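Reviewing the structure listed below.
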Amino acid sequence: MPFTDRHVVLGVSGGIACYKSCTLARRLTEAGATVDVALTAAAAEFVRPLTFEALTGRPVLTSLWERGRALAHIDLAKHPDLIIVAPATANILARCAMGMADDLLTALLLARADRPVLAAPAMNDAMYANPATTANLTALAQRGWQFIGPEIGALAEGPSERPGRMSEPEAIFAAAERLLGHGTTSKWSGKRVVVTAGPTREHLDPVRVITNPSSGRMGYALAEAARARGAEVVLVTGPTELAPPTGLHTTQVETTEDMQRALQDLIPNADALIMSAAPADYRPKHQADTKRPRSAGALTVELEATPDILGSLKRRKGMVVVGFALETGNGLANARSKMQNKALDFVILNDATEPGAGFEVTTNRVTILGRNGTQVDLPLLPKRDVAERILDVVEEAL
Ligand code: CTP
């Protein structure tokens with residue numbers, strides 16, 4: 001069993017997603033882990049300690065001040081192989097970012113800063129978008145915390161288009177498994193990974209652009225997943241509505257040529273390049289300095305091709321290069337010829353005409369083709385799960 005002889009502390013802070021932590025506690029226990037649950041006072045309002053005791057077969061810790069168990073957190077903190085905080089509310093993230101130790105869970109996290117921490121943020125979407133939360137997440141990521149989620153989806157107060165919902169227990173379990181499995185020997189630790197995301201934009205004049213509907217979600221999910229595996233990640237992104245992920249460096253670009261320039265600077269030091277961006281392939285041959293009035297009548301624009309970024313980059317020897325092929329027919333053949341022409345190690349094929357795949361959606365259905373003839377057909381999955389499967393393949397090639 002993957003977690004045999006592993007000691008996991010599951011810290012549960014007070015959000016409605018607590019109910020999912022019960023499933024996570026059970027899943028970890030079934031996988032062979034010794035699971036000590038530390039509940040904050042607010043979490044104990046949502047789920048009674050008895051529930052976790054029954055699921056883990058171990059006493060649950062709720063307070064620094066329990067009689068007969070003074071300083072229990074220090075005992076607990078001696079050996080954990082991993083500390084999971086799920087849900088991690090905005091409040092506990094803020095307290096940990098400040099280095100506070102005013103209850104058992106925060107004391108434990110402060111006392112054992114050398115242990116790997118995996119946190120699954122869960123909160124109202126506006127709280128997650130608040131710059132205070134972003135700053136706290138960044139501070140914790142800089143101290144080595146790993147994060148999974150939050151996801152977009154229904155919140156306690158109703159549906160939401162923005163992240164806030166805690167990742168599912170199975171996804172947190174998988175992330176924990178990866179962290180424990182890799183530990184400090186992660187194939188990704190110390191590896192520099194460059195990920196591109198989103199569309200690029202080419203100006204016709206100061207107010208009009210040529211672009212495409214890429215949301216950037218696939219690239220952002222890849223960047224976050226690579227960071228969670230321990231890589232040093234730089235995300236080069238065109239204009240998107242997504243918040244910059246925490247714990248990695250984000251470079252914003254606008255045009256295809258800007259993206260090419262940013263990559264030229266980054267590639268000499270990179271171990272892997274994942275080109276999930278959808279750079280604009282054409283730009284106006286002449287760009288007007290002033291807005292062309294509509295009253296001037298019909299407009300004919302001559303377009304020229306933008307640089308082929310993948311085709312133009314001088315690559316570091318041994319760098320793993322992944323390209324994407326968004327097709328609308330004859331996918332396999334086109335993807336294979338892109339792999340050949342662009343000298344890719346892998347090409348990720350997706351079909352823009354398929355429901356749930358491609359641009360502007362939170363799911364994707366892809367086929368991963370390898371240079372050595374491998375082909376992995378994945379089912380329709382959330383983009384974060386697709387990202388993990390892509391990284392599994394890249395990992396073997398690193
Ligand atoms: N790409 C690139 N530079 C461009 C356009 C695309 O490096 N100017 C990258 C994409 O990020 C992707 C891969 O090339 O990883 C394939 O992109 P795609 O748009 O499918 O292919 P194109 O090269 O544009 O070829 P075609 O338009 O003929 O399908």
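Just follow the structure's listing: the first ligand is 1, and inside any ligand the first atom is 1. These numbers come from a predicted model, not from an experiment.
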- Query: Testing Asp36, Asp81, Thr34 for side chain to side chain donor-acceptor pair (under 3.5 Å) with His7, which one passes?
  - Reply: Asp36

- Query: Who passes side chain to side chain donor-acceptor pair (under 3.5 Å) against Ser295, sequence neighbours left out?
  - Reply: none

- Query: Under the 3.5 angstrom rule, does the side chain of Asn350 hit a backbone N or O of Ala325 as a donor-acceptor pair?
  - Reply: yes

- Message: Show me, by chain and number, every protein residue that has a heavy-atom distance under 4.0 Å to ligand 1.
- Response: Thr256, Met275, Ala277, Pro279, Asp281, Thr306, Pro307, Asp308, Ile309, Leu310, Gly323, Phe324, Ala325, Leu326, Lys338, Lys342

Atom pairs and distances, donor-acceptor, side-chain atoms in residues 269-281, under 3.5 Å, two or more places apart:
residue	atom	partner	partner atom	Å
Asp271	OD2	Arg192	N	2.7
Ser276	OG	Thr196	O	2.5

- Query: Can we say Arg178 and Glu395 salt-bridge, meaning some charged N sits less than 4.0 Å from an Asp/Glu carboxylate O?
  - Reply: no

- Query: Does Glu45 have any salt bridge (Lys or Arg N to Asp or Glu O under 4.0 Å) partners at least two apart in sequence or in another chain, and if so, which?
  - Reply: none

